[in-house]
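A quick write-up on the structure given underneath.
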Amino acid sequence: MNDILGELSWRGLIAQTTDLDALRRDLAAGPLTLYCGFDPTAESLHVGNLMPLLTLRRFQLAGHRPIALAGGATGFVGDPSGRDSERTLMDAETIKGRVGRIRAQMERFLDFGDGPTDALMVDNLDWTGQMSAIEFLRDVGKHFSVNVMLQRESVSARLEGGGLSYTEFSYVLLQSNDYRELYRRYGCRLQVGGNDQWGNITAGLDLIRRTESGSGHALTVPLVTSATGQKFGKSTGGGSLWLDPAMTSPYALYQYFLNTDDRDVSTYLRYLTFLPREEIEALDAAVAERPHAREAQRRLAEEIVALVHGRDEVGRVQAASAALFGGGALEGLDEPTLAAALAEAPSVSVAGEVPPLVDLLAEGLSLSKSDARRAVRDGGAYLNNARVTDEAAVPGEGDWLHGRFLVLRRGKRSVAVVERAKA
RNA sequence: GGCGGGUUGCCCGAGCGGUCAAAGGGAGCAGACUGUAAAUCUGUCGGCACAGCCUACGAAGGUUCGAACCCUUCACCCGCCA
C-alpha cells in the first residue's frame with residue numbers, strides 16, 4: 001500500500017526518475033502532491049493516456065495527492081516532443097471544447113474533494129492566459145539557456161528534420177512554468193508523464209531550483225509499443241482507441257484488448273490494470289501453459305472496460321461478444337438479452353421500406369458506400385452472423401430478430417444494430 | 001532580400017505530355033489458417049447513381065486534341081548567401 005515505488009517498479013512503470021532515494025524519502029514523509037498534464041490534442045483522451053492517468057491513481061491509492069492538469073494553455077502552442085513536424089494550431093473554441101471533455105474524462109479516474117489525498121483538477125490557462133509577453137520573457141524565459149534548449153532531443157531531432165517554429169520551441173517554458181506554479185500553489189513536488197516528457201519535466205525542475213530554491217522530482221512511465229512494433233493507443237486498429245464511448249465503442253475497446261498479442265498481454269496487465277501481483281503472475285503462467293484459453297487477454301479486456309466505462313459495461317460487452325462469437329445462434333437469444341447485448345453498438349433506425357443491406361452497413365458502421373460494398377465483396381459482411389455475399393441483398397421479413405433487430409457486422413470487431421422503428 | 005531545391009493518395013515514395021485513380025513499401029480493412037493470437041498467404045485500400053462517371057498529384061491561371069508531368073503567378077517548406 002505504501003510502497004508505491006516498489007509497486008511501480010514491479011509493474012515496470014518506471015522508465016526514468018530523478019534521485020530515487022530522495023523521492024522515496026519524500027513519499028515516506030507524508031502525502032506528496034504530484035501532477036500530470038494532458039493537452040487537448042484531440043476530442044478525447046485515448047488509451048495511451050491511460051498509463052500516466054492510472055499512475056496518478058496509483059499514487060492516490062498509496063496515500064498521495066494527485067493533480068490532473070488540462071492543457072488549456074499548452075494546447076495553444078503544441079508540444080514538439082515526439083513529433084517530426086509542426087502541429088497545426090487550433091482555434092480557441094476548439095481548445096476550450098476539448099479541454100472540457102478531457103476534464104470530464106479525467107474525473108472518472110481520480111477521487112476529488114478537499115481531503116489531504118483528494119485530487120485537484122486544474123487548467124494551465126488559468127495562470128498562463130493573462131500573463132503578458134513581457135512577464136513571460138522576464139519571469140520564465142530569463143531562466144532558460146538557449147544553449148541547453150538546443151541540446152534537447154525533441155529540439156535537435158526537429159532541427160535535423162523539418163525544423164520547428166519559435167512557438168513549439170517555447171513549449172518547454174510553458175510546461176516548466178506549470179510545474180513551478182503548482183509547486184508554489186500546492187507544494188507539488190513530483191511530475192509524472194510519458195517518457196517523452198522527460199526533458200519537459202526536468203526543465204521544470206531546473207526552473208524551480210533556480211527561482212524557488214526548491215526541489216522536486218520527475219518520474220516517467222515507459223512508452224508502450226506492441227510486439228509488432230506498433231505505437232500503442234495513438235493509431236491502432238483503424239484509428240485510435242478513444243476513451244470516449246461515442247468515438248470508440250466499449251465493445252470495440254473490449255475486442256481490441258481481447259485480441260492482444262500473447263507477447264504483450266503480460267506487460268499490459270501490469271501497465272493498465274490494478275490487479276495484484278499474484279494474480280498477474282498466475283495469468284502469465286496461464287498464457288504459457290494454455291495460450292489458446294486466452295485467460296489473460298480476457299481479464300485484461302475486462303479490467304480496461306471496467307476502468308474506462310464502468311463494471312456495468314463489462315457485462316454488456318461480454319454478452320455482446322458471446323452472442324456474436326457464440327456460433328451464430330442469435331435467433332436463440334431472447335429479446336431482453338439481445339437488446340442488452342446490443343445496447344452500446346451503434347444503431348440505425350428504420351421506418352417503412354427497408355433499404356438495401358449495403359446502405360444499412362454503411363450507415364451503421366460509418367463506412368462509405370464503397371467500403372460497405374467492398375466488405376460484402378470481400379466476404380467480411382454478416383447479417384445476423386451469416387455471411388452476406390450479394391451486394392444487392394435486401395433484408396427480408398424473416399431476418400428481423402424478434403421482429404425488431406438486424407445485427408450487422410463487418411469482420412470481427414465492428415457491429416451495428418438496425419432497429420425497426422415502432423409503427 | 002538574392003540564388004538553388006522542394007510541395008504526389010493515411011504515411012514514405014516513384015512518376016516528368018497520352019496506356020495515371022497514379023509503381024513500390026508501410027499502415028489500415030477483409031478473407032484463409034489458428035486460439036477472436038503471432039507468423040504466413042490472398043484480396044482490398046478516393047467517391048458515387050460502380051464494366052461508367054465524378055473528384056484528385058500545394059493554389060490559381062495558361063499552352064495543348066490531351067497535363068501530376070510544360071509555362072506564368074502566388075503560397076508554404078528546406079538549404080546557401082545577405
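Naming convention: chains lettered A, B, ... in sequence-line order (proteins, then strands); numbering from 1 in each chain. Quantities reported herein were computed from a predicted structural model and do not represent experimental measurements.
The residue among A:Gly380 and A:Gln255 whose nearest nucleotide of RNA chain B is located toward the 5' end is A:Gly380. Positionally, the nearest nucleotide of RNA chain B for A:Gly379 lies more toward the 5' end than for the other of A:Tyr254 and A:Gly379.
Phosphate proximity of B:G31 to A:Tyr382: present, with a side-chain N or O under 4.0 Å from OP1 or OP2. OP1 or OP2 of B:A37 lies within a sub-4.0 Å distance of a side-chain N or O belonging to A:Lys412.
Across every strand in view, B:C10 sits in a pair with B:G26 that passes the Watson-Crick or G-U test at under 3.5 angstrom. The partner of B:C70 is B:G62, by the rule that a Watson-Crick or G-U pair needs both atom distances under 3.5 Å. In this structure B:U34 sits in no base pair that meets the Watson-Crick or G-U test at under 3.5 Å. A 3.5 Å limit on both hydrogen-bonding distances identifies B:C81 as the Watson-Crick or G-U partner of B:G1. Across the strands present, B:C57 finds no partner; the criterion is a Watson-Crick or G-U wobble pair with both atom distances under 3.5 angstrom.
A:Phe38 pairs in a side-chain contact (heavy atoms from CB on, under 4.5 Å) with only one of the listed residues (A:Val99, A:Leu45, A:Thr74), which is A:Leu45.
The distance between atom CG of A:Asp261 and atom P of B:A37, rounded to the nearest whole Å, is 11 Å. When the C1' atom of B:G28 is taken as reference, atom OH of A:Tyr256 falls 13 Å away, rounded to whole Å. Rounded to whole angstrom, the span from the CZ atom of A:Arg413 across to the P atom of B:C29 amounts to 6 Å. Atom CD in A:Glu168 sits about 13 Å away from atom P in B:C77, given to the nearest Å. In this structure, NE2 of A:His292 is placed 8 Å from P of B:G35, rounded to the nearest angstrom. If you measure from atom CZ of A:Arg409 to atom P of B:C29, you get 15 Å, rounded to the nearest angstrom.
When the P atom is compared between B:U64 and B:C12, the two are found 36 Å apart, to the nearest whole Å. Distance check on atom C1': B:U55 versus B:C20 gives 14 Å, rounded to whole Å. Comparing the C1' positions of B:G58 and B:U19 gives a spacing of 27 Å, expressed to the nearest Å. One P atom belongs to B:U42, the other to B:G47, and the distance between them is 24 Å to the nearest Å. The C1' atoms of B:C69 and B:A22 are separated by 11 Å, rounded to the nearest whole Å. Only the C1' atoms considered, B:G79 is 36 Å distant from B:C45, to the nearest whole Å. Straight-line distance between the P atoms of B:G35 and B:C57: roughly 49 Å, to the nearest whole Å. Only the C1' atoms considered, B:C71 is 14 Å distant from B:C16, to the nearest whole Å.
Salt bridge status for A:Glu279 with A:Arg299: present, with a side-chain N to carboxylate O gap under 4.0 Å. Using a 4.0 Å cut-off between charged nitrogen and carboxylate oxygen, A:Arg270 and A:Asp284 count as a salt-bridge pair. Taking a cutoff of 4.0 Å between a charged side-chain nitrogen and a carboxylate oxygen, A:Glu107 and A:Arg103 do not qualify as a salt bridge. Between A:Glu303 and A:Arg311 there is a salt bridge, since at least one side-chain N of the basic residue sits less than 4.0 Å from a carboxylate O of the acidic one. Using a 4.0 Å cut-off between charged nitrogen and carboxylate oxygen, A:Arg294 and A:Asp262 do not count as a salt-bridge pair.
The closest side-chain donor-acceptor pair between A:Gln197 and A:Gln191, if any, does not fall under 3.5 angstrom.
Heavy-atom distances under 4.0 Å link RNA chain B to A:Arg294, A:Gln297 of residues 293-318 of chain A, given in residue order.
For the pair A:Arg409 and A:Tyr382, the distance from NZ or CZ to the six-membered ring centre is under 6.0 Å and the angle to the ring normal is within 45 degrees. A:Arg420 forms a cation-pi arrangement with A:Trp400, by the criterion of a distance under 6.0 Å to the ring centre and an angle within 45° of the ring axis.
For the residue pair A:Leu300 and A:Phe257, the shortest heavy atom distance occurs at CD2-CD2, 3.8 Å.
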>> Output one letter per nucleotide in nucleotides 47-52 of chain B: B when a protein non-hydrogen atom lies under 4.0 Å from the base, S when only the sugar-phosphate is that close, - when neither is.
In response: SBSB--

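At least one donor-acceptor pair closer than 3.5 Å links the side chain of A:Asp390 to the backbone N or O of A:Ala392.
The side chain of A:Arg410 has B:A30 as its nearest neighbour among B:G35, B:A32, B:A30.
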